[in-house]
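Working notes, beginning with the structure itself.
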Amino acid sequence: MVADRLERDAVASTERGHGSAVARLPSEPHRPHVGARTEQYPAGVRIAPHWHDEDQLVYVSSGLMAIYTVHGVWVASPGRAFLIPAGVEHEHQTYGNTILHLFSSDGPGLFDQGLQTPEVILVDPLLDQVLKAVTDESLPSEEIANLQRVLFDRIRRTQVTGLRMPIPSDPRLRAACDLVQKDLERVYSLPQLAKLTHVSERTLARLFKSEFGQTYPQWRTHARLFHAMIRLAEGHSVSRVSRDCGWSTPSAFIDSFRRVMGQTPGSFREPDSADAAKGRHPR
């Protein structure tokens, strides 16, 4: 189901002119040890479902990546990193040219928050530099060991951002979510959405709260921001993304984006790419 959803998203993006067709990497369901390394991917790469024996951290220093599981979709951009628990099957999708810094440890768990699903954490300037250094395979092992100790300490102090789009389990809620996300320019009221999906307004409101912990307007704002990040990473202008994702004005979009992401859509769209030349294509 996750793979089908991912492919539909990619096809829809291509049909809208939002990027190139998906390139699928060979399936390798069990990837026992990632280690520490830096990889660079072009836009539109899908890494097929797989899982690891160890907790994994994936820092996105350029571009944007989404992680898909049966529980939901998480997205990370520069300044954010994924925490992926051991044994959790997941797949990746890149949007825009993406540089990843991957780290896992063959010792104790990388993080001790008791995670059952992926999470996205904020990466402060110190953690940014540590992650770039610890995934530099040219450094001597003694220096890497010192950096790892700093990394472990910093991860335990990081803030979880909650950049996640949950996948609804109730078919009535799924139908409502699909309807909204297929046409983000159109603003459906809750009564309209309930009527179109043949469910009472009260029931639909209850489903949003019980499954997502959000009201319908809160979820819709979150969904619009999720899709906006993808389209910005694909290179579309702030004004076009604002219109396509249903904001009344670009200024309203900028305000919403800044409140959640801590930066403007313009700075998100054009991050510092000085590290682009350092990335390597995956082995």
Side-chain angles (χ1 to χ4, degrees), residues 1-6 8-9 12 64-77 80 82-85 88-91 93 111 113-122 158-232 241-242 244-249 252-262 265 268:
M1 180 180 71
V2 177
D4 291 342
R5 178 181 294 271
L6 178 59
R8 286 199 304 271
D9 288 349
L64 184 142
M65 174 170 275
I67 285 184
Y68 292 73
T69 78
V70 296
H71 301 290
V73 185
W74 289 258
V75 63
S77 58
R80 287 168 171 78
F82 296 109
L83 300 181
I84 307 173
V88 172
E89 186 177 68
H90 58 283
E91 54 188 304
Q93 169 82 44
F111 36 88
Q113 294 96 326
L115 297 180
Q116 301 299 313
T117 63
E119 281 292 359
V120 177
I121 60 170
L122 291 174
T158 55
Q159 177 184 346
V160 174
T161 67
L163 291 176
R164 171 189 175 226
M165 280 295 293
I167 295 176
S169 58
D170 190 289
R172 297 166 295 180
L173 182 58
R174 190 179 310 121
C177 293
D178 287 347
L179 188 62
V180 172
Q181 293 184 88
K182 284 177 182 176
D183 188 4
L184 290 169
E185 288 186 68
R186 181 171 179 177
V187 180
Y188 292 101
S189 68
L190 186 63
Q192 287 174 322
L193 199 58
K195 183 177 181 180
L196 289 168
T197 54
H198 310 289
V199 63
S200 73
E201 181 181 347
R202 182 177 179 181
T203 296
L204 189 56
R206 177 179 56 79
L207 287 171
F208 273 103
K209 287 292 289 184
S210 62
E211 289 212 22
F212 300 157
Q214 297 175 311
T215 64
Y216 165 60
Q218 289 171 331
W219 172 85
R220 183 175 180 272
T221 297
H222 201 96
R224 289 189 297 165
L225 287 169
F226 181 86
H227 289 280
M229 284 189 284
I230 289 175
R231 297 185 193 184
L232 288 168
V241 173
S242 169
D244 289 348
C245 293
W247 274 274
S248 56
T249 64
F253 169 48
I254 291 169
D255 183 59
S256 294
F257 196 94
R258 185 191 286 117
R259 284 202 310 270
V260 174
M261 299 298 296
F268 177 91

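Considering only residues two or more places apart in sequence or on other chains, E89 meets the side chain to side chain donor-acceptor pair (under 3.5 Å) condition with none of them. Partners of Q192 under the side chain to side chain donor-acceptor pair (under 3.5 Å) rule, at least two apart in sequence or in another chain, are S189. Partners of R172 under the salt bridge (Lys or Arg N to Asp or Glu O under 4.0 Å) rule, at least two apart in sequence or in another chain, are D170. For R259, the salt bridge (Lys or Arg N to Asp or Glu O under 4.0 Å) criterion is met by D255, not counting sequence neighbours. Residues passing the side chain to side chain donor-acceptor pair (under 3.5 Å) test with S256 are W247, sequence neighbours excluded. Applying the ring-ring contact (aromatic ring centres under 6.0 Å, His included) criterion to Y216, with sequence neighbours excluded, gives F208.
Under the 4.5 Å side-chain criterion, counting only non-hydrogen atoms from C-beta, Q159 is not in contact with I121.
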Intermediate values then yes/no, side chain to side chain contact (heavy atoms under 4.5 Å, CB included), M65 and V75: CA-CA 6 Å; M65 174 170 275; V75 63; over 6 Å; no
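Summarising the geometry, atom CG belonging to L64 is positioned 5.0 Å from atom CZ belonging to F268; distances are rounded to the nearest 0.5 Å. Here M229 contributes atom CE and M261 contributes atom CE; the two are 5.0 Å apart, rounded to the nearest 0.5 Å. For the atom pair OH of Y188 and CZ of R220, the computed distance is 10.0 Å after rounding to the nearest 0.5 Å. Rounded to the nearest 0.5 angstrom, I67 CD1 and E119 CD are separated by 11.0 Å. Taken from CZ in R164 to CZ in F226, the straight-line distance is 11.5 Å, to the nearest 0.5 Å. Between the CG atom of L207 and the OG atom of S169 there is a distance of 8.5 Å, given to the nearest 0.5 Å.
Closest approach of Q93 to Y68, counting heavy atoms only: CB-CE1, 4.1 Å. The minimum heavy-atom distance linking S242 with T249 is given by the pair OG-O, 3.3 Å. Scanning both residues, T197 and A175, for their nearest heavy atoms gives CG2-C, 4.0 Å. The minimum heavy-atom distance linking T69 with V88 is given by the pair CG2-CG1, 4.3 Å. Taking every heavy atom of both residues into account, S200 and T203 meet most closely at OG-OG1, 2.7 Å. Here the closest non-hydrogen pair linking P166 and F212 is CG-CD2, 3.2 Å.
Side chain of R186 to main chain of V180: no donor-acceptor pair is present (N/O by atom type, distance under 3.5 Å, no hydrogens or angles). In this structure a side-chain-to-backbone donor-acceptor pair under 3.5 Å is missing from Q181 to A223. R224 contributes no side-chain N or O that, together with a main-chain N or O of F253, makes up a donor-acceptor pair within less than 3.5 Å.
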